[in-house]
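In what follows, every chain begins at residue 1, and chains take the letters A, B, ... in the order their sequences are listed.
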Amino acid sequence: MAQIQPAATGPNGVANTASLYVGDLDVNITDSQLYDLFIQAGQVLSVRVCRDLSTRRSLGYGYVNYSNPQDAARALDLLNFTPLNGKPIRIMYSHRDPSIRKSGTANIFIKNLDKSIDNKALHDTFSAFGNILSCKIATDPSGQSKGYGFVQFDNEESAQNAIDKLNGMLINDKQVYVGQFLRKQERETALNKTKFNNVYVKNLSESTTEEDLKNIFGEFGTITSVVVMRDGDGKSKCFGFVNFENADDAAEAVEALNGKKFDEKEWYVGKAQKKYERELELKGRFEQSMKEVVDKFQGVNLYIKNLDDSIGDDKLKELFSEFGTITSCKVMRDPSGISRGSGFVAFSTSEEASRALAEMNGKMVVSKPLYVALAQRKEERRARLQAQFSQMRPVSMAPSVAPRMPMYPPGAPGLGQQLFYGQGPPAIIPPQVIILILFSILLFHFS
DNA sequence: AATGAGCGC
């Protein structure tokens with residue numbers, strides 16, 4: 001007898017279609033907020049926002065368990081994409097086995113979407129083709145559509161059908177592209193399969209001439225032109241181009257010669273890129289490098305509130321120094337020099353920062369319990385405030401979890417912003433250091 | 001022009 005795999009499984013791997021996974025949660029969403037929302041669809045057995053064990057920071061997802069599957073189905077239908085703190089939540093059946101998610105099968109990519117098309121509209125148009133596991137419009141931090149999105153179906157046929165029927169169609173007067181979702185790597189190899197005649201070769205020794213290239217590449221087919229690039233004095237720039245009459249020969253030459261050593265130099269041999277292709281690639285790499293720099297400094301800054309007025313920069317540093325290396329530390333003051341009761345502490349690593357957060361948040365210092373949180377970057381903060389503003393509504397009567405300590409209005413100017421906006425104190429990393437870092441990245445990647 | 005992230009007591 002064939003086993004039928006359940007669509008969703010509970011904690012013991014037992015079929016449980018009454019368990020929902022709720023993702024894309026704003027970090028400040030609490031259990032009680034989730035409860036408030038999901039109780040509207042039926043009897044809720046339990047809710048939980050998952051949190052980091054040591055910092056208690058929300059992981060941005062949670063679970064809602066209903067007592068019966070119909071209620072869960074209703075919740076999915078009714079509540080998917082409901083904004084919480086201004087951020088649309090994404091609901092799926094709980095599925096703890098990650099294999100389906102990781103496989104990325106039946107996943108499609110849609111671009112050139114009208115900005116007015118939101119998650120719900122996307123879901124509605126694509127649900128005609130099958131059962132949707134997950135669906136989302138890419139947005140900027142304020143929630144504005146970036147004009148593209150993703151839909152993952154539970155089977156390939158539905159995905160292919162959606163592609164066949166909707167690719168090139170007009171949606172809200174815009175012609176959309178609908179195609180298979182491809183990871184960057186896969187896209188690049190697909191691109192490299194396109195035919196080409198012109199071959200780029202680099203890392204030549206200075207003495208390698210056009211004649212040498214002709215001899216070596218000529219083995220693979222007829223060459224129509226060959227050039228070694230040189231500077232004004234005729235000195236080789238150590239790269240060149242070989243154009244083949246036949247694209248198959250060009251591909252063969254690349255296959256055979258890439259990575260081979262000549263005069264102790266390991267050649268790079270590949271498809272010659274057009275100027276815009278090369279620019280695109282460089283731009284991509286640059287952005288990747290920037291992201292790495294930003295990530296490196298992500299989570300190292302703590303925002304401190306409810307500081308006793310008697311505490312200054314030095315005392316603040318002393319309070320936190322046992323957790324690691326402090327790279328910057330500042331108590332915020334008003335123009336007359338009186339402490340605003342808030343400040344920033346930056347550590348050299350995010351591990352140190354999160355340990356400090358866990359240990360120091362709520363700790364009594366002089367007269368009051370400290371409030372310690374990760375400092376937010378300018379973008380995050382702006383988007384959050386905007387979201388909260390657009391969300392304002394009467395306070396709910398839901399059962400609430402008692403906070404361990406007084407809650408303060410969240411949010412404060414983050415230290416992180418100093419990294420690239422370079423305004424106001426306290427600067428964590430001096431601008432000249434940033435320029436140095438960026439410059440070395442450029443040198444490294446663009447060579 | 002743009003090709004994601006994601007599963008617990």
Starting at atom [atom1] of [X], determine the distance to atom [atom2] of [N], rounded to an integer number of angstrom.
X         : N      : atom1 : atom2 : value
Asp140(A) : dA2(B) : CG    : C1'   : 13 Å
Tyr61(A)  : dA5(B) : OH    : P     : 16 Å
Lys136(A) : dT3(B) : NZ    : P     : 15 Å
Gln185(A) : dG4(B) : CD    : P     : 12 Å
Tyr63(A)  : dG8(B) : OH    : P     : 4 Å
Asn107(A) : dG6(B) : CG    : P     : 14 Å
Arg183(A) : dG4(B) : CZ    : C1'   : 7 Å
Gln144(A) : dA2(B) : CD    : C1'   : 14 Å

Under 4.0 Å, heavy atoms only, any strand: does [X] hit a base, just the sugar-phosphate, or nothing?
X         : result
Gly147(A) : base
Glu186(A) : nothing
Lys146(A) : base

From C-beta outward on [X], which listed nucleotide comes closest to its side chain: [options]?
X         : options                : answer
Tyr177(A) : dC7(B), dG6(B), dT3(B) : dT3(B)
Arg187(A) : dC7(B), dG4(B), dT3(B) : dT3(B)
Gln152(A) : dA2(B), dA5(B), dC7(B) : dA5(B)
Arg48(A)  : dT3(B), dG6(B), dC9(B) : dC9(B)

At under 4.0 Å, does any side-chain N or O of Arg90(A) touch on OP1 or OP2 of dG6(B)? no
Asp24(A) or Cys50(A), whichever maps to the more 5' nucleotide of DNA chain B: Asp24(A)
For Phe181(A) and dT3(B), are the ring centres under 5.5 Å apart with planes inclined under 30°? no
Verify whether one side chain among Glu157(A) and Asn161(A) offers a donor that lies under 3.5 Å from an acceptor in the other. no
Arg183(A): which residues meet the salt bridge (charged side-chain N to carboxylate O under 4.0 Å, His left out) condition with it, sequence neighbours left out? none
Taking Thr105(A)'s backbone N and O only, do any of them form a donor-acceptor pair with Gln152(A)'s side chain (distance below 3.5 Å, no angle check)? yes
For dC7(B), does the base pair up with any side-chain atom of Arg101(A) as donor and acceptor (N or O, under 3.5 Å, distance only)? yes
Ion pair check, Arg74(A) and Asp71(A), cut-off under 4.0 Å: yes
Lys111(A) to Tyr148(A) six-membered ring, cation-pi geometry met (6.0 Å, 45°): no
